[in-house]
Amino acid sequence: MPPVNLIASDLPLSVEWKEEGLFILDQTRLPHDVIMEKHDNAEQVWYTIQQLKVRGAPAIGVAAAYGLCVELKKYKDLSPDEFIQKTINVARYLDSSRPTAVNLNWAMKRMVGAIMEMKVVSASELYKKLIVEAEAIHEEDRQISYGLAKMGSDLIKENMGVMTHCNAGSLATSILGTATAPMYLAHHDGIKFKVYANETRPLFQGTRLTSWELDKAGIDVTLITDSMAAHMMASGEIDLVIVGTDRVAANGDVANKIGTLGVAILAKYFDIPFYVACPSSTIDMNTPSGKDIPIEERSGDEITTILGNPVAAKNTKTRSPAFDVTPNELVTGIITENTIITRPYDKGLKDYFKEKK
Ligand code: MRU
């Protein structure tokens, strides 16, 4: 059994499934209000994902898997064929809530695949199978966090400064996070290090989420604005960067929260190792390169306002890509739950999946 006490005991979980009820933490209200909202249909879950109440690639996949269950519960009277068709339609609908994180698409395909594999049975048996599969996705995500922690924690040495961008923490997954998993374990092992959390404009995942969850666990975390990253590296305070990712392409290009590319370019300039941590489900061998990763474009309101308060003049023209792509040559290594993959990534990723089978 993995150690469960690496995150703060009072840190809320992003997604909870209790007696067939789906509860999702509203992350837009953090850190000031901790509110778990019950979800009873797919539409609610769609909006919750779209509005970033639940966010972070693995957490979105888990939320959508349970979202499928809460919706399909209403259709247990259908014939098995009708139930399967309904599941396919609802999965497609949930998958349309956000385009970049492949875990959402992966989870929806896996849920549909699980019931397609079954011999002809009743709709209520198919429904039960959906629940089993969603719970399996959730549990695997927890186990994967511990794998990432083990694989990555040796990178963190005594007195290091570790920079991270966005929130690839417990709140973005089922338990320890991806980029933060090695930090939680290194801290548990008594290593003394500092984390620098970039605020992550426009929605402040670093300010509101990463700083909060690491500080709660007793990790020494310092919040900086995104524009301070270069200065912190230039002044020698950063020895390592670890970020999460929403999708890794087959050539090792990596999509993550907008601003990550800038951090990676800086890390290269200052000769600082730049690692990406993710579960295998974030690696999309069907997407050949970063050019093929769909980049979500969000409403300009998210940048003309700061958390709801207007800051730009009315009618200011905006662009708001939510993610960027870091080319593989800037990535020192991809930490997965099983190993750290290094260059050349096209070969390394192919071999990884061959060995994993
Ligand atoms: O828009 P968000 O908050 O969903 O973006 C999240 C990120 O970019 C994370 O770094 C990524 O999903 C990895 S989460 C373990």
Side-chain angles (χ1 to χ4, degrees), residues 7 13-15 24-30 48-64 97-107 141-142 144-149 152 163-184 197-210 212-214 226 241-248 254-264 274-284 293-299 302-303 307 320-326 331 334-337:
I7 59 165
L13 297 175
S14 53
V15 178
I24 300 179
L25 175 66
D26 181 352
Q27 299 194 29
T28 62
R29 310 281 298 268
L30 293 176
T48 282
I49 295 173
Q50 199 278 335
Q51 293 166 2
L52 270 58
K53 288 182 173 188
V54 65
R55 31 70 47 206
I60 297 173
V62 172
S97 54
R98 289 193 82 189
T100 305
V102 73
N103 304 61
L104 175 57
N105 177 266
W106 169 87
D141 191 47
R142 283 191 204 101
I144 283 167
S145 283
Y146 288 97
L148 291 167
M163 180 174 281
T164 191
H165 190 76
C166 195
N167 173 262
S170 173
L171 295 162
T173 66
S174 305
I175 188 85
L176 295 183
T178 56
T180 58
M183 301 176 195
Y184 280 117
N198 297 343
E199 63 175 345
T200 317
R201 274 284 284 148
L203 297 179
F204 297 102
Q205 287 91 333
T207 307
R208 297 182 302 104
L209 310 176
T210 306
W212 186 61
E213 69 162 270
L214 294 183
D226 298 337
V241 179
I242 312 181
V243 295
T245 169
D246 292 82
R247 191 185 300 226
V248 178
V254 168
N256 192 44
K257 177 53 55 192
I258 193 76
T260 304
L261 171 61
V263 174
F274 178 93
Y275 283 88
V276 173
C278 66
S280 304
S281 53
T282 305
I283 303 170
D284 180 8
I293 299 177
I295 299 294
E296 178 180 13
E297 185 87 24
R298 292 190 65 86
S299 161
E302 291 180 354
I303 52 176
L307 303 175
S320 191
F323 299 94
D324 56 29
V325 173
T326 297
V331 179
I334 300 173
I335 307 167
T336 70
E337 65 272 29

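For ligands, and for the atoms within them, numbers begin at 1 and follow the listed sequence.
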Between the side chains of T200 and N198, is a donor N or O closer than 3.5 angstrom to an acceptor N or O? no
When you measure from the side chain of R208 to the backbone N and O of L30, does any donor-acceptor pair fall under 3.5 Å? yes
What residue among V331, V254, T260 forms side chain to side chain contact (heavy atoms under 4.5 Å, CB included) with V243? T260
Is there a side-chain hydrogen bond (donor to acceptor under 3.5 Å, both in side chains) between N103 and T282 once you walk through the steps? CA-CA 6 Å; N103 304 61; T282 305; 3.0 Å; yes
Any Lys/Arg nitrogen of E199 or R201 sitting under 4.0 Å from an Asp/Glu carboxylate oxygen of the other? no
Write 'none' if nothing qualifies; otherwise put on separate lines each N/O atom of ligand 1 with a protein N/O atom under 3.5 Å away and their distance to 0.1 Å.
residue	atom	partner	partner atom	Å
ligand 1	1 (O)	R98	NH1	3.4
ligand 1	1 (O)	R98	NH2	2.8
ligand 1	1 (O)	K257	NZ	2.7
ligand 1	3 (O)	R55	NE	2.9
ligand 1	3 (O)	R55	NH2	3.3
ligand 1	3 (O)	Q205	NE2	2.9
ligand 1	4 (O)	G56	N	3.0
ligand 1	4 (O)	R98	NH1	2.8
ligand 1	8 (O)	D246	OD1	2.9
ligand 1	8 (O)	N256	OD1	3.0
ligand 1	8 (O)	K257	N	3.2
ligand 1	10 (O)	N256	OD1	2.7
ligand 1	12 (O)	A57	N	2.9
ligand 1	12 (O)	D246	OD1	3.3
ligand 1	12 (O)	D246	OD2	2.8

Using the rule given for side-chain hydrogen bond (donor to acceptor under 3.5 Å, both in side chains), can you reason through Q27 versus N167, listing the C-alpha separation, both sets of side-chain angles and the distance that settles it, and then say yes or no? CA-CA 11 Å; Q27 299 194 29; N167 173 262; over 6 Å; no
